[in-house]
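Here the structure comes first, spelled out in structure tokens, and everything after it is commentary.
As the structure lists them, so they are numbered: ligands from 1, and atoms in each ligand from 1.
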Amino acid sequence: MPLTQEQALITALLSQKLSALRIRASFESVEPGPIVTTYYMRLGADIPISKIMRAEEDLALAVGAPSVLITRKGASIAIAIPNKERTVVSYDSCLHSLMQDTNCNLPIMLGVDTKGIEKHIDLTESPHILIAGSTGAGKSVLLAAIISGLATAKSKHELKMMLVDTKQLDLTLFADLPHVVEVADDLEKVHLLLDRLHIIVRQRTAKMKGIARNLSEYNALGDHQLPYYVVVIDELADVLMQDRSAGKGIRGYEKAETKLQGLLQICRAAGIHIICATQRPSVEIITGDIKANILTRIALRLPSGADSRTVLNEYGAEKLLGRGDMLIESPCFDQITRFHGPFVSMAHIASVLDNCDGIRNSYKMLESSIGR
Ligand SMILES: Nc1ncnc2c1ncn2[C@@H]1O[C@H](COP(=O)(O)OP(=O)(O)O)[C@@H](O)[C@H]1O
Ligand SMILES: [Mg+2]
């Protein structure tokens, strides 16, 4: 495809700047997308990759962009430049794509990739998720998309949700979903919820012993269907900090952190999956133990490269554009991948709350009429 005027101009500006910086690179192709346009270049054989990685700021200045993000894609270098006008990623089209995947146990809506293609992952394959992002980066909207997508795709018999929101802000919106069996809005309730989950894990492990290795195998036996549990914790840092300062007063001696840590290690096989969000990606919250157990980590925009490294082990999240722009490290992808989250309005949330069964059934009817 011939380049647009803007793409031709940016290609020229990039080439000019790279040659001024003595970085030999040849232009390969342009990939337009809804939020960023990616320019692929082949680096001269004698040019170290670190040299172009260090040129992000210079290239951003050269093309007049707030930031650019450079990554390696196979044998090429991908330079992602924000579009002058960004498109809003549609929740409805993401939901539509997610509903087509009837084999997915617990579909997690991620939005679109840099090309604009809708993507979701199966939570049972990635077992837990951590979402980090500074205020305004889009955590609440992303959590709303994930919860709405799950509640539309799965019935309350297939999926139970537990919500932890000690700040009593965003998640309490979803308290009336038919799937939600528990909302913990203070520390005492968080402890009760974690204790209950430990009991469920023990009961389920006993039931499955010797006949199934995980919930989907157990359900496939057909005797008795058990629902998945998804636990969503908004502001993990708030929960853990409150708990640390509560001393030994709250329900016995075991810290919420220890209970959570224990759960993360053992609950996957029992069909329990945890999604935590946090505004503060400090190493005191996202400890090595947490990282070792939460393999899918989503970084929305973060204040610094150090924060990005805490979440992803790599720089990059400090260069994101906010409002749902994210980088994901996950066993579902072979490298850190950029996605743009969908925008979920209050009207979307209201329609899911009012009628998630109805929306699911109309998708099923549509599917069977196409199948016929
Ligand atoms: N995916 C998105 N697309 C467009 N705008 C978004 C998106 N996500 C967030 N926003 C905008 O950014 C604002 C802040 O998002 P929010 O989720 O409340 O951030 P956080 O919870 O991280 O503080 C929202 O009110 C919305 O206007
Ligand atoms: Mg928020």
Side-chain angles (χ1 to χ4, degrees), residues 33-36 66-67 69 80 82-98 107-121 129-150 152 163-175 183-185 232-242 275-282 285-286 297-304 307-308 310-312 317-328 337-350 352:
I35 316 270
V36 296
S67 65
L69 196 64
N83 296 340
K84 286 227 159 64
E85 283 185 24
R86 58 186 277 175
T87 317
V88 173
V89 176
S90 153
Y91 168 77
D92 290 324
S93 66
C94 292
L95 182 69
H96 186 71
S97 147
L98 178 149
I108 298 296
M109 188 186 287
L110 296 177
V112 297
D113 63 14
T114 50
K115 286 185 263 186
I117 297 169
E118 293 84 5
K119 280 269 158 43
H120 61 269
I121 53 174
I129 300 180
L130 175 76
I131 301 172
S134 39
T135 313
K139 287 180 306 300
S140 301
V141 172
L142 182 61
L143 282 179
I146 291 175
I147 295 172
S148 305
L150 279 171
T152 310
L163 309 177
V164 175
D165 188 358
T166 49
K167 286 193 163 169
Q168 303 182 24
L169 286 174
D170 298 316
L171 292 189
T172 35
L173 268 181
F174 291 96
V183 180
D185 52 12
V232 185
I233 306 177
D234 197 3
E235 205 35 77
L236 177 70
D238 191 54
V239 174
L240 298 186
M241 298 313 264
Q242 266 194 49
I275 302 174
C276 311
T278 186
Q279 198 188 108
R280 274 182 284 171
S282 67
I285 304 300
I286 305 176
R297 297 193 293 269
I298 302 182
L300 292 145
R301 191 178 58 204
L302 289 169
S304 71
D307 295 317
S308 178
T310 308
V311 181
L312 303 170
E318 74 285 5
K319 296 270 165 48
L320 293 171
L321 304 170
R323 289 186 283 157
D325 193 19
M326 60 186 137
L327 289 170
I328 305 188
T337 312
R338 189 172 188 173
F339 290 95
H340 311 298
F343 181 68
V344 186
S345 65
M346 285 308 286
H348 286 124
I349 296 177
V352 174

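You'll find the side chain of D325 reaches within 4.5 Å of the side chain of R338, heavy atoms only. Counting heavy atoms from C-beta on, the side chains of I349 and F174 come closer than 4.5 Å. Residues L110 and H120 have side chains not in contact (no heavy-atom distance under 4.5 Å, counting atoms from C-beta outward).
Distance from atom 13 (C) of ligand 1 to its nearest protein heavy atom, with residue and atom name: G136 O, 4.4 Å. Ranking the protein heavy atoms by distance from atom 18 (O) of ligand 1 puts S140 CB, 3.9 Å first. Protein heavy atom closest to atom 1 (N) of ligand 1, with residue, atom name and distance, is G341 O, 2.8 Å. Atom 27 (O) of ligand 1 has its closest protein heavy atom at F343 CE1, 4.3 Å.
Minimum interatomic distance between V36 and P82 (heavy atoms only, all atoms of both residues): CG1-CA, 4.0 Å. The two atoms that bring P281 and T310 nearest to each other are O-CG2, 3.1 Å, heavy atoms only.
One option in P342, G322, G138 has a heavy atom closer to atom 16 (P) of ligand 1 than any other, and that option is G138. Of the listed residues (R323, R86, R301), the one carrying the non-hydrogen atom nearest atom 11 (C) of ligand 1 is R323. In this structure, of D234, D170, V141, the residue bringing a heavy atom nearest to atom 17 (O) of ligand 1 is V141.
If you check the side chains of D307 and S304, you find a donor sitting under 3.5 Å from an acceptor. Side-chain atoms of E235 and T166 include no donor-acceptor pair closer than 3.5 Å.
Under a 4.0 Å heavy-atom criterion, G111 is not in contact with ligand 1.
Residue T135 has at least one heavy-atom neighbour below 4.0 Å for each of these atoms of ligand 1: 23 (O). Using a 4.0 Å cut-off to heavy atoms of S134, the atoms of ligand 1 that qualify are 22 (O).
Atom-to-atom distance recorded for D165:CG and T172:OG1 is 5.0 Å, nearest 0.5 angstrom.
For residue S140, an N/O/S atom approaches the Mg ion (ligand 2) to within less than 2.8 Å.
There is a protein heavy atom closer than 4.0 angstrom to atom 23 (O) of ligand 1.
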